[in-house]
Amino acid sequence: MTNDIYGPFPGRADFPARLTERQRARYEQLGANLEVVERRIAAACEAAGRPREDVTLIVVTKTYPAEDTALLAALGVTDVAENRDQDAAPKAETCVQLPLTWHFVGQLQTNKVRSVVRYADAVHSVDRLRLVESLSAAVLRAERPPLDCLVQVALDKDVPAGGIAEQGGTGHRAGVAPADVLALADRIADTPGLRMAGVMTVAPLAGPLADRPDQAFARLAEIASTVRASHPAATMVSAGMSGDLEQAVAAGATHVRVGTAVLGVRTPLG
């Protein structure tokens, strides 16, 4: 393998010819998978009466090597996501010359913040005030451009009319309750070094919206609208993965996070 695939951009016409046989097979496999996902997104946009350019595909590259990230860049992918800093940081460094936007989508501990702000363009999993403060301090220390922040919404913590939010149990998603989203968004917007960019969710595993991604994403759209009323620039709605991207697009998602459908079934991390 040669470092040629890592930059400055592997888009030259003879790029496939420069790959090893193994790399070329993976390149072709990824390309075929991307075509299928692209058709799904395009069809979902058409069904929803939305322009295709309204939806950004983020390929979730967690557990896959930097080589795959470079091959994806050569295939035209512009946005990639990671959820563990220990995997993302070296991968981002290897691919630093590639024209990629890096999204951090996993739960972020404050002791990893300084590392994450070195490469991440957006953090989708902001869920507490302490994290807001840590991100701000790290961004200012790094003297980097403002960091896009999305509030992660835990829809299984929603309070139904006349009821109370479910507590405890298993299968609950991380994030803040819908009732607390706007307060956290306000804090992000008022914090130096951060830009309030939007909201994110994962279809809930518990609560009244479990196994109902269409309703879950419709609820997120309502929350996103409320946030935009106070923060008009917070236009990102990050929702939908390999199994439910169509429902997310129908509900107004601007970014879909797709991993398995592009890269294949992941091997569990050790």
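In this structure, the side chains of Arg144 and Val117 come closer than 4.5 Å at one or more pairs of heavy atoms. At least one side-chain heavy atom of Val262 sits under 4.5 Å from a side-chain heavy atom of Leu72. Counting heavy atoms from C-beta outward, Phe217 and Thr201 have side chains that approach closer than 4.5 Å. Between Thr94 and Thr69 there is no side-chain heavy-atom pair separated by less than 4.5 Å. Side-chain contact between Asp148 and Pro146 is absent, with no heavy-atom pair separated by less than 4.5 Å. Residues Arg128 and Val132 fail the side-chain proximity criterion, which asks for heavy atoms closer than 4.5 Å. At a threshold of 4.5 Å between non-hydrogen side-chain atoms, the residues His231 and Asp186 count as touching. Residues Val139 and Leu194 meet the side-chain proximity criterion, which asks for heavy atoms closer than 4.5 Å.
Taking CG from Leu147 and OG from Ser136, the interatomic distance works out to 10.0 Å, rounded to the nearest 0.5 Å. Ser134 OG to Leu129 CG: the interatomic distance, rounded to the nearest 0.5 Å, is 11.0 Å. To the nearest 0.5 Å, atom CE of residue Met196 and atom CZ of residue Arg228 are 10.5 Å apart. In this structure, NZ on Lys62 lies 11.0 Å from CG on Leu263, to the nearest 0.5 angstrom. Between the CD1 atom of Ile41 and the CG atom of Asp54 there is a distance of 12.0 Å, given to the nearest 0.5 Å. The distance from atom SG of Cys149 to atom CG of Leu135, rounded to the nearest 0.5 Å, is 5.5 Å.
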Side-chain atoms of residues 99-110: list all donor-acceptor pairs with protein atoms under 3.5 Å, sequence neighbours left out, distances to 0.1 Å.
{"from": "His103", "atom 1": "ND1", "to": "His124", "atom 2": "NE2", "distance (Å)": "2.8"}
{"from": "His103", "atom 1": "NE2", "to": "Asp79", "atom 2": "OD2", "distance (Å)": "2.7"}
{"from": "Gln107", "atom 1": "NE2", "to": "Asp127", "atom 2": "OD2", "distance (Å)": "2.9"}

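Between Ser115 and Ala89, the shortest heavy-atom contact is OG-CB, 3.7 Å. Considering every non-hydrogen atom in both Asp244 and Ala203, the closest pair reads OD2-CB, 3.7 Å. Nearest heavy-atom pair across Ala218 and Ala251 is N-CB, 3.8 Å. When every heavy atom of Leu98 is checked against every heavy atom of Ala73, the shortest pair comes out as CD1-CB, 4.2 Å. What you find for Ala154 and Pro178 is that their closest heavy atoms are O-CD, 3.5 Å. The two atoms that bring Ala253 and Ala239 nearest to each other are CB-O, 3.8 Å, heavy atoms only.
Side-chain N or O atoms of Lys91 include one that pairs as donor or acceptor with a backbone N or O of Tyr64 at under 3.5 Å. Asp68 places no side-chain N or O within 3.5 Å of a backbone atom of Pro65 that could act as its donor or acceptor partner. A donor-acceptor contact shorter than 3.5 Å is absent between the side chain of Arg195 and the backbone of Ala122. For the pair Thr260 (side chain) and Ser242 (backbone), a donor-acceptor distance under 3.5 Å is absent. Looking at Arg114, its side chain never comes within 3.5 Å of a backbone N or O of Ala138 through a donor-acceptor pair.
Looking at Glu222 and Arg219, a side-chain N of the basic residue comes within less than 4.0 Å of a carboxylate O on the acidic one, giving a salt bridge. A salt bridge links Glu38 to Arg52: at least one charged side-chain nitrogen sits closer than 4.0 Å to a carboxylate oxygen. Remark: Glu67 engages Arg22 in a salt bridge, criterion side-chain N to carboxylate O under 4.0 Å. By the 4.0 Å N-to-carboxylate-O rule, Arg84 lies close enough to Asp87 to be salt-bridged with it.
At a cut-off of 3.5 Å, with distance as the only test, no side-chain donor of Glu133 or Thr191 sits close to an acceptor on the other residue. Judged purely by distance below 3.5 Å, without hydrogens or angles, the side chains of Tyr119 and Asp85 pair a donor atom with an acceptor atom. Side-chain contact, Arg26 with Gln23: no donor N or O sits under 3.5 Å from an acceptor N or O. For Ser238 and Arg257, the side-chain atoms include at least one donor-acceptor pair closer than 3.5 Å.
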Val77 and Leu34: CA distance, side-chain angles, deciding distance, side-chain contact (heavy atoms from CB on, under 4.5 Å) verdict: CA-CA 9 Å; Val77 169; Leu34 278 169; 3.8 Å; yes
His255 vs Val55, side-chain contact (heavy atoms from CB on, under 4.5 Å): CA-CA, chis, key distance, verdict: CA-CA 5 Å; His255 292 69; Val55 180; over 6 Å; no
Test log, rule side-chain contact (heavy atoms from CB on, under 4.5 Å), inputs Leu19 and Ile5: CA-CA 8 Å; Leu19 300 176; Ile5 70 170; 3.7 Å; yes
Test log, rule side-chain contact (heavy atoms from CB on, under 4.5 Å), inputs Leu150 and Val126: CA-CA 6 Å; Leu150 286 77; Val126 180; over 6 Å; no
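Put simply, Ile58 and Leu75 are part of two different groups of oily side chains (I, L, V, M, F, W, Y) that touch within less than 4.5 Å, one to the next. Phe15 and Leu30 fall within a single hydrophobic cluster, where Ile, Leu, Val, Met, Phe, Trp and Tyr side chains are chained together by heavy-atom contacts under 4.5 Å. Clustering ILVMFWY residues whenever any of their side-chain heavy atoms sit less than 4.5 angstrom apart, transitively, puts Leu140 in a cluster other than the one holding Val123.
Evaluated for a side-chain contact (heavy atoms from CB on, under 4.5 Å) with Val153, the options Val202, Leu184, Val227, Val199 yield exactly one hit, Val199.
In Glu21, the CD atom is not crowded: 12 or fewer heavy atoms of neighbouring residues, nucleotides or ligands sit closer than 6.0 Å. Atom CG of Asn111 sits in a crowded spot, with more than 12 heavy atoms from other residues, nucleotides or ligands closer than 6.0 Å.
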